[in-house]
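Order of the sequence lines sets the chain letters (A, B, ...), proteins ahead of strands, with each chain counted from 1.
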Number of protein chains: 2
Amino acid sequence: MALSAALTDRLAELQNRGFDTQDCPVRDVMDRVGDKWTALVILVLSIKTHRFSELHRGIPDISKRMLTQTLRELERDGLITRHVYPTKPPSVSYALSPLGQSVLVPLEGLIEWAQKSHAGIRRARERYDAADLAKAA
Amino acid sequence: MALSAALTDRLAELQNRGFDTQDCPVRDVMDRVGDKWTALVILVLSIKTHRFSELHRGIPDISKRMLTQTLRELERDGLITRHVYPTKPPSVSYALSPLGQSVLVPLEGLIEWAQKSHAGIRRARERYDAADLAKAA
DNA sequence: CGGGATCCTGCAAGATACTG
DNA sequence: CAGTATCTTGCAGGATCCCG
């Protein structure tokens with residue numbers, strides 16, 4: 001359960017340098033994984049290659065704007081590849097690159113933790129809110 | 001490299017139900033992990049129990065407001081415990097709970113992926129931006 | 001079909017000041 | 001010391017229209 005020695009070392013080093021939050025590769029990645037749609041798009045693409053409108057249908061409450069933006073950033077980071085078929089009307093497909101495939105492993109770890117821990121978190125919240133309510137009364 | 005069968009099943013099921021993004025445990029967790037400070041606070045607390053001002057010094061560019069808020073949510077979710085020593089002036093310490101400890105494992109996985117992949121991502125971005133620039137000219 | 005361009009809004013989060 | 005309260009603002013992200 002303890003962190004690996006390598007990680008604690010990195011952490012200590014980071015802290016010594018004062019957690020330079022600007023130029024931090026971890027922050028860089030976390031920000032992206034944490035944003036509203038990126039992880040979901042990656043997961044959907046992990047099932048199979050999708051066309052733009054397939055993705056849009058598959059993720060109902062994303063706007064075209066946000067879908068485009070998310071796909072662009074993922075493409076820019078090299079996590080997905082984009083292929084345009086010069087038909088008319090045009091058809092564009094998106095697929096995970098090897099790099100994109102590789103993120104599925106840690107991502108799946110987090111998802112499994114989330115599912116495993118969800119019940120406990122909900123209970124903790126109820127307890128906390130109940131105590132909070134009692135205090136307010 | 002492929003997703004576990006369990007995950008793909010869950011994904012298929014999620015998609016069939018239309019990705020109910022409101023009541024989604026995964027989304028719930030991802031949103032929190034992804035926000036600006038949560039992961040960092042967890043990591044710092046993984047080193048050792050910290051007092052409020054220690055945390056504040058340890059994470060220079062967080063405001064007291066955001067630190068308090070982040071700690072409250074983590075406490076509410078049962079990931080950290082808060083202990084008040086009735087000295088004066090008061091002293092408050094924060095520590096990871098067992099649940100909080102358990103998230104370190106998937107979190108570390110993501111961090112290691114980030115560090116391992118960072119160079120590749122940077123190269124991909126440079127390539128993308130260069131192509132983008134060329135196209136604009 | 002697969003976007004881009006624009007406009008608009010809510011809310012996350014910084015700054016500042018106060019308190020038990 | 002460890003917070004709260006209030007004010008303010010940047011910008012993520014939705015809605016809408018347009019285009020090749």
Side-chain angles (χ1 to χ4, degrees), chain A residues 19 21-22 27-28 30-41 44-45 49-77 80-95 128 131-132 135-136, chain B residues 19 21-22 27-28 30-41 44-45 49-77 80-95 128-129 131-133 135-136:
Chain A
F19 276 120
T21 9
Q22 300 329 39
R27 167 65 55 91
D28 201 22
M30 296 298 271
D31 280 355
R32 199 141 329 224
V33 168
D35 81 25
K36 213 174 176 184
W37 304 111
T38 301
L40 192 51
V41 168
V44 172
L45 286 181
T49 297
H50 278 70
R51 294 183 49 180
F52 185 88
S53 41
E54 277 183 306
L55 281 168
H56 200 196
R57 276 191 303 274
I59 309 175
D61 49 356
I62 193 175
S63 63
K64 279 199 298 186
R65 183 171 132 69
M66 279 298 97
L67 180 55
T68 302
Q69 186 174 307
T70 303
L71 289 169
R72 282 293 171 286
E73 302 240 349
L74 283 172
E75 187 196 359
R76 186 169 106 97
D77 287 356
I80 66 176
T81 58
R82 177 173 180 270
H83 196 293
V84 184
Y85 298 92
T87 57
K88 62 179 170 181
S91 160
V92 180
S93 72
Y94 294 90
Y128 185 95
D132 216 45
K135 199 183 54 185
Chain B
F19 276 120
T21 12
Q22 301 329 41
R27 166 65 54 91
D28 201 22
M30 296 298 269
D31 280 355
R32 200 141 329 226
V33 168
D35 81 26
K36 214 173 175 184
W37 304 111
T38 301
L40 193 50
V41 168
V44 172
L45 286 180
T49 297
H50 278 70
R51 295 182 48 180
F52 185 87
S53 42
E54 278 184 305
L55 281 168
H56 199 198
R57 276 192 302 275
I59 309 174
D61 49 356
I62 193 176
S63 65
K64 281 198 296 186
R65 186 172 128 69
M66 277 299 97
L67 179 55
T68 301
Q69 187 174 307
T70 303
L71 290 168
R72 283 293 173 285
E73 302 240 351
L74 283 172
E75 187 196 358
R76 187 169 107 96
D77 287 356
I80 67 176
T81 59
R82 176 174 181 269
H83 196 292
V84 183
Y85 298 92
T87 58
K88 61 177 170 183
S91 162
V92 181
S93 74
Y94 294 90
Y128 186 94
D129 293 345
D132 216 46
L133 208 63
K135 198 181 56 186

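In this structure, the nucleotide among C/dG4, C/dG2, D/dG14 sitting nearest to the side chain of A/Arg65 is D/dG14. Here D/dA2 is the nucleotide among D/dA2, C/dG3, C/dC1 with the atom lying nearest to any side-chain atom of B/Phe52. Checking D/dC1, C/dG14, C/dG2 against the side-chain heavy atoms of A/Lys64 singles out C/dG2 as nearest. Checking C/dG14, C/dC1, C/dG3 against the side-chain heavy atoms of A/Val92 singles out C/dG3 as nearest. Each of C/dA13, D/dG3, C/dG2 was ranked by its minimum atom distance to the side chain of B/Thr68; first place goes to D/dG3. Listed nucleotides: C/dG3, D/dT4, D/dA2. Nearest to the side chain of B/Arg72: D/dT4. In the set D/dC1, C/dG3, C/dG2, C/dG3 carries the atom at the smallest distance from any side-chain atom of A/Arg82. Checked against C/dG20, D/dG20, D/dG3, the side chain of B/Pro90 finds its nearest nucleotide in C/dG20.
Each of A/Pro89 and B/Ser63 lies near DNA chain C, and the nucleotide nearest A/Pro89 is the one positioned closer to the 5' end.
Between the B/His50 side chain and the B/Tyr94 main chain, no donor and acceptor come within less than 3.5 Å of each other.
Looking only at side-chain heavy atoms (C-beta outward), A/Met30 and B/Lys36 stay at 4.5 Å or farther from each other. B/Leu71 places a side-chain heavy atom less than 4.5 Å from the side chain of B/Leu55.
Note on B/Lys36: only backbone sugar-phosphate atoms sit closer than 4.0 angstrom, heavy atoms only; bases stay farther off. No contact: A/Tyr85 has no heavy atom under 4.0 Å from any strand.
Computed from coordinates, the A/Ile59 CD1 to D/dG13 P distance equals 14 Å when rounded to whole Å. Rounding to whole angstrom units, CD of residue B/Gln69 and P of C/dA13 are separated by 7 Å.
In the helix from C/dC1-D/dG20 to C/dG20-D/dC1, the terminal helix axes, each the rotation mapping four pairs' C1' atoms onto the next four within five end pairs, subtend 50°, rounded to 10°.
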